[in-house]
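Worksheet: the structure to be examined is printed underneath.
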Protein chains: 4
Amino acid sequence: MPRVSEEHLERRRLQILDAAQSCFARKGFHETSLQEIFRESGLSAGAVYRYFRSKDDLIRAIAARSQPLVVAILEEILDADELPPLDEIVARFAVGVVERMGPGGAAWIAPQGWALAAYNLPIREAIADLFRDSRAWWLRVAERLQDEGELAPEADPHAIAAVLTSIIPGFIMQRLVLGDADAETLREGMRTLLSTDPAL
Amino acid sequence: MPRVSEEHLERRRLQILDAAQSCFARKGFHETSLQEIFRESGLSAGAVYRYFRSKDDLIRAIAARSQPLVVAILEEILDADELPPLDEIVARFAVGVVERMGPGGAAWIAPQGWALAAYNLPIREAIADLFRDSRAWWLRVAERLQDEGELAPEADPHAIAAVLTSIIPGFIMQRLVLGDADAETLREGMRTLLSTDPAL
Amino acid sequence: MPRVSEEHLERRRLQILDAAQSCFARKGFHETSLQEIFRESGLSAGAVYRYFRSKDDLIRAIAARSQPLVVAILEEILDADELPPLDEIVARFAVGVVERMGPGGAAWIAPQGWALAAYNLPIREAIADLFRDSRAWWLRVAERLQDEGELAPEADPHAIAAVLTSIIPGFIMQRLVLGDADAETLREGMRTLLSTDPAL
Amino acid sequence: MPRVSEEHLERRRLQILDAAQSCFARKGFHETSLQEIFRESGLSAGAVYRYFRSKDDLIRAIAARSQPLVVAILEEILDADELPPLDEIVARFAVGVVERMGPGGAAWIAPQGWALAAYNLPIREAIADLFRDSRAWWLRVAERLQDEGELAPEADPHAIAAVLTSIIPGFIMQRLVLGDADAETLREGMRTLLSTDPAL
DNA sequence: CATGAATGAGGCTTCATTCAT
DNA sequence: GATGAATGAAGCCTCATTCAT
C-alpha cells in the first residue's frame with residue numbers, strides 16, 4: 001500500500017538522474033561529489049539515497065541509460081524508411097549523434113563509460129552489450145545490402161559490421177575534442193572510400 | 001644519495017611512470033590511490049613528489065606519453081616501406097594496436113584520457129592534438145593515394161582522413177570490451193567496403 | 001539529526017570554539033592538530049568542518065573572539081561608576097586581566113595572535129583594531145580627566161593614550177612568563193610615576 | 001685537529017641564523033619550512049644540520065639571539081652618559097626599538113617568541129629571563145633616581161620597574177600593527193603622566 | 001517520506017630529518 | 001665537510017554514507 005504514487009516515484013528518480021547526468025557531464029563521474037548532485041537536484045542526501053543505494057549505483061544507472069542511445073539512433077534509421085545508400089546511413093547516424101551531443105547530452109557521458117570499462121568488469125559488460133548491439137545492427141544492414149545484391153555475395157558481413165561499428169566512437173571523440181566532425185564530411189569520406197578501387 | 005646523474009633522475013622518473021601506468025590500467029586514474037603507486041614503484045611518497053608535483057601531474061604525464069603511441073604506430077607504417085594498399089594499412093595499424101594493448105599497455109589508458117577530455121580542458125587539448133596528428137597522417141596517406149591515381153582526383157582527402165581517424169577509437173574499444181577485434185577482420189571489412197559499388 | 005534549531009547550531013559552534021581555545025592555549029595554534037580539537041570537542045572531523053572551513057578559519061575565529069576581551073574589561077570600568085583615579089583604573093584593568101587569564105583563558109591566546117600579526121596581514125588588521133579600540137578608550141579617559149581639570153589643559157591626550165595602551169601587553173606578558181605581575185604592583189608603580197617631578 | 005677554521009664555522013652559523021631570521025620574520029616559525037631556509041641561506045640540508053640539530057634548535061637560537069636586543073638598547077642608554085630624565089630614557093628606548101625593527105629585524109621576531117612562551121616551557125624560561133633583565137635594568141634606574149632625590153624616598157622602585165617594563169611589548173606591538181608609534185609620542189605621554197597630580 | 005547533521009575512513013600532500021655518495 | 005635524494009609519519013581535508021528527528 002504505497003503512500004506515494006508510482007508516478008511520483010518515477011518522477012523523483014528522473015529528477016535525480018537528470019541532475020546527476022548534468023553534473024557528470026560537467027565534471028566527470030569521480031570528480032562530481034554527491035553533494036553537488038544533491039544541490040543540482042534540489043533534493044536532500046536522504047532523498048537521493050532512497051532511490052539509489054550508492055554513488056556507484058547512480059553511475060551505473062547513468063551509464064545504463066546513456067547506453068541505448070547510440071543503438072536507438074541506429075534503429076530509427078531502419079525504422080524510418082527503406083535502406084538508403086551506405087554513405088547516407090552513416091551520415092544519418094552522424095546527424096543523430098550530433099543532435100544528442102550538446103554539452104550535458106548523453107554522448108558526453110559515453111567516453112566516461114568507456115574509460116570505466118577498462119577496469120570495471122560490470123561496466124565493461126554493459127559497454128560490451130552496447131558494442132554487440134551496434135554490431136548486430138550493422139550486421140543486419142550488411143546482410144540486407146548483400147540480399148539486395150549491392151554487396152558481393154562472398155563478402156563477410158561480420159567484417160563490415162566490425163568496421164562500421166568502429167567508426168562510432170571515433171566520430172564522437174572527434175566531435176568532442178575537435179568540434180569539427182560533421183555528417184557531411186563523414187558522408188563524403190564514406191562515398192570516396194566506397195568508390196575506391198580496392199586493388200590499389 | 002645526492003649528486004646523482006641525470007640518467008639516474010630519468011630512470012627514477014620512468015620507474016614512477018611505469019608504476020603509475022600499471023596501476024591506472026588496473027584501477028583507473030581516480031580509483032588508484034597514490035599509496036598504491038608508491039607501493040608499486042617501490043618508492044616513498046616524498047620520492048614520487050620530487051618528480052611529480054601532484055597526482056594530476058602524474059595523470060597528465062601518463063596521458064601525454066600514451067598519446068604519441070597511436071601516431072607512432074602510424075608513422076612506422078609509412079617509414080617501413082612504400083605505401084601498401086589501404087586495407088593493408090588499416091590492418092597494420094590494427095596489429096600495432098593489438099601488440100601494444102596487453103592489459104597495462106598504453107592503449108588501455110587511452111579511453112581514460114578520452115573520458116577526461118570531456119570535462120578537463122588541458123587534457124582535452126592534449127587529446128585534440130592526438131586526433132589532429134592522426135588526421136594529418138591519414139591526410140598524407142590520402143594525398144599520396146590520390147597522387148598515385150588510386151583515389152579519384154575529385155575526392156576530398158580530408159574527408160577520408162576524418163573517416164579513417166574515426167576507426168581508431170572504435171577498434172580499440174571493441175578490442176578492449178569484446179576482445180575479438182583483430183587485424184584480419186578489419187582488413188577484410190575494409191576490402192569489402194572499398195570494392196562496394198558506391199551507387200548502392 | 002536534521003532540521004536543527006538555530007540555537008543548536010550556535011551551541012555546536014561554541015563547543016568547537018571552546019575546545020579549540022583550550023587546545024590552542026595548551027599547545028599553540030600550529031602545534032595543535034585538528035585531531036586534538038576533534039577529540040577535545042567530542043566531534044568528528046566532518047562535524048567541525050561543517051562549522052569552520054579550515055584550520056585557519058578556526059584560528060581566525062579564536063583570535064577574533066579573544067580580541068574584544070581586553071576592551072571589554074576596559075568598558076566595564078567606565079560603565080561601572082564615575083571615573084576613579086588613574087592608578088585605580090590601571091589596577092582595575094590588571095584585575096580584569098588576571099581574572100581572565102587562567103591557563104586556557106583568552107589572554108593566554110593573545111600573544112599568539114600578536115605573533116601572527118607579524119606576518120599575517122588579515123590577522124594584523126584584526127589585532128590593529130584591538131589596539132585602536134584600546135587607544136580610543138584610553139583617549140576618552142584622558143579627555144575626561146582633562147575636562148575635570150585633573151590633566152593639564154595643554155597635555156596631549158593622544159600621547160597619554162599611547163602610553164597607557166602600551167602597558168597592556170607588557171602586563172599580560174609579565175603575568176604569563178613571570179607570574180608575579182599583579183594589580184597592586186601596577187597601581188603602586190603608576191602612583192609613584194604620577195607623583196614624580198617631571199623635571200627630574 | 002679541525003680541518004676548518006673556527007672562524008669559518010662561526011661564519012656558517014651566522015649565515016644560517018641570518019637566513020632563518022629573515023624567513024621567520026616573513027612567515028613565522030611554523031609556517032617557514034626548512035627548505036626555505038636552505039634556499040635562503042644557499043646551503044644544503046646536510047650543511048644546516050651540521051650546525052643545528054633540529055628546527056626547534058634553530059628556533060631556540062633565533063629566539064635566544066633576539067632576546068638580548070631590548071636589554072642591549074637599555075644598557076646603551078646607561079652606558080652613554082649620565083642619567084637623563086625619565087621621559088627621555090623612555091624616548092631613547094623607543095628610538096632604539098624603532099631602529100632595530102625594520103621588517104626582518106629582530107624585534108619582528110619578538111612577538112613570536114612571546115607566543116611560544118605561552119606553552120613551551122624552555123622558551124618561556126628564556127623569555128622570562130628577558131623580562132627579568134629588563135626589570136632589573138629599570139630597577140637600577142629607579143634606584144638611581146631615588147638616590148638622586150628625584151623619586152620619593154618611600155616609593156617602591158620595584159613597582160616602577162614593573163610598570164616601565166610593561167611598556168616595552170606594547171610599544172613594539174603598536175609599532176608593529178599600527179606603525180604610528182614613535183619616540184616623541186611616548187616621550188610626550190610620559191611627560192604628561194609624570195606631571196600629573198597624583199591626587200586626581 | 002524527507003531532512004541534513006554527523007560520521008570517520010582514507011585521500012593527497014608536506015616536511016623535518018637522515019645518510020649514501 | 002657538503003650534498004640533496006630519499007624517507008615516512010602525520011597533517012589537513014573531503015566525501016560517501018547513515019540515521020535521529
Side-chain angles (χ1 to χ4, degrees), chain A residues 2-5 8-9 12 30-39 42-59, chain B residues 1-5 8-9 12 30-38 41-58, chain C residues 1-5 8-9 12 30-38 41-58, chain D residues 2-5 8-9 12 30-39 42-59:
Chain A
R3 304 266 189 76
V4 169
S5 74
H8 173 254
L9 259 39
R12 273 270 189 275
H30 300 283
E31 292 172 61
T32 296
S33 76
L34 288 185
Q35 293 302 328
E36 291 173 270
I37 295 177
F38 302 153
R39 211 176 305 129
L43 290 173
S44 68
V48 170
Y49 267 85
R50 178 162 299 278
Y51 295 89
F52 297 92
R53 317 171 61 80
S54 67
K55 185 180 184 183
D56 260 28
D57 199 29
L58 204 43
I59 290 177
Chain B
M1 195 188 310
R3 191 102 294 176
V4 172
S5 70
H8 168 96
L9 260 37
R12 272 273 187 276
H30 301 283
E31 292 172 62
T32 296
S33 77
L34 287 183
Q35 289 303 330
E36 293 174 272
I37 295 177
F38 303 152
S41 69
L43 289 173
S44 68
V48 170
Y49 268 84
R50 172 170 291 277
Y51 295 88
F52 297 92
R53 314 166 65 82
S54 66
K55 185 180 183 183
D56 256 31
D57 197 30
L58 206 40
Chain C
M1 195 188 312
R3 193 98 300 175
V4 173
S5 69
H8 168 96
L9 260 38
R12 272 273 187 276
H30 301 283
E31 293 172 61
T32 296
S33 77
L34 287 183
Q35 288 303 329
E36 294 173 271
I37 295 177
F38 302 153
S41 69
L43 289 172
S44 67
V48 170
Y49 269 85
R50 173 169 291 277
Y51 295 87
F52 298 91
R53 314 166 66 83
S54 66
K55 184 180 182 182
D56 257 31
D57 198 29
L58 205 41
Chain D
R3 305 266 189 78
V4 169
S5 73
H8 173 254
L9 258 40
R12 273 269 189 277
H30 300 283
E31 292 171 63
T32 295
S33 76
L34 287 185
Q35 294 301 329
E36 292 173 270
I37 295 176
F38 302 153
R39 211 177 305 130
L43 291 173
S44 68
V48 170
Y49 267 85
R50 178 163 297 278
Y51 295 88
F52 298 91
R53 316 171 62 80
S54 67
K55 185 180 183 184
D56 259 29
D57 198 29
L58 204 42
I59 291 176

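Residue numbers start from 1 in every chain, and the chains themselves are labelled A, B, ... in the order their sequence lines are given, proteins ahead of strands. Values below: every heavy atom of this structure, side chains too, minus hydrogens, waters and symmetry copies.
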Work out which heavy atom in [X] is nearest to a heavy atom in [Y]; give both atom names and the distance.
X: C:Tyr49; Y: C:Lys55; value: OH-N, 4.3 Å
X: C:Tyr51; Y: C:Leu9; value: CE2-O, 3.6 Å
X: D:Glu36; Y: D:Glu31; value: OE1-O, 3.6 Å
X: C:Phe38; Y: C:Ser41; value: O-OG, 3.1 Å

Could you tell me whether [X] contacts a base, only the sugar-phosphate backbone, or nothing, with contacts defined as non-hydrogen atoms closer than 4.0 Å?
X: D:Thr32; answer: sugar-phosphate
X: D:Phe38; answer: base
X: B:Phe52; answer: nothing

Nucleotide opposite E:dG10 in a Watson-Crick or G-U pair, distances under 3.5 Å: F:dC13

Paired nucleotide for E:dT21 [Watson-Crick or G-U wobble; both distances under 3.5 Å]: F:dA2

5'-most by nearest nucleotide on DNA chain F - C:Arg53 or A:Arg53: C:Arg53

Pairwise 5' ranking along DNA chain F for B:Leu43 and A:Lys55, keeping only the more 5' one: B:Leu43

Out of [options], whichever nucleotide has its closest atom nearest the side chain of [X]:
X: D:Leu34; options: F:dC12, E:dA16, E:dT13; result: E:dA16
X: D:Ser44; options: F:dA16, F:dG4, E:dA16; result: F:dG4
X: C:Tyr49; options: F:dT14, E:dA16, E:dT18; result: F:dT14
X: A:Ala45; options: F:dT18, F:dT14, F:dA5; result: F:dT18
X: A:Arg12; options: E:dA2, F:dA2, E:dA16; result: E:dA2

Worked verdict on D:Leu43 versus D:Arg12 for side-chain contact (heavy atoms from CB on, under 4.5 Å): CA-CA 9 Å; D:Leu43 291 173; D:Arg12 273 269 189 277; 3.8 Å; yes

Any B:Arg50 side-chain nitrogen or oxygen under 4.0 Å from OP1 or OP2 of F:dA5: yes

Short side-chain N/O contact to F:dA10 OP1/OP2 from C:His30, under 4.0 Å: no

Protein-nucleotide distance ([X], atom [atom1]; [N], atom [atom2]), rounded to Å:
X: D:His8; N: F:dG1; atom1: NE2; atom2: P; result: 8 Å
X: A:Tyr51; N: F:dT18; atom1: OH; atom2: P; result: 18 Å
X: A:Ile59; N: F:dC15; atom1: CD1; atom2: C1'; result: 13 Å
X: D:Asp57; N: E:dT17; atom1: CG; atom2: C1'; result: 13 Å
X: A:Leu58; N: F:dT17; atom1: CG; atom2: C1'; result: 14 Å
X: A:Glu31; N: F:dT14; atom1: CD; atom2: P; result: 15 Å

Close side-chain approach of A:Leu58 and A:Ile37, heavy atoms under 4.5 Å: yes

E:dC1 and F:dT21, which share atom name C1', separated by this distance in whole Å: 13 Å

Residue met sooner reading DNA chain E from 5', once B:Gln35 and A:Gly42 are mapped to nucleotides: A:Gly42

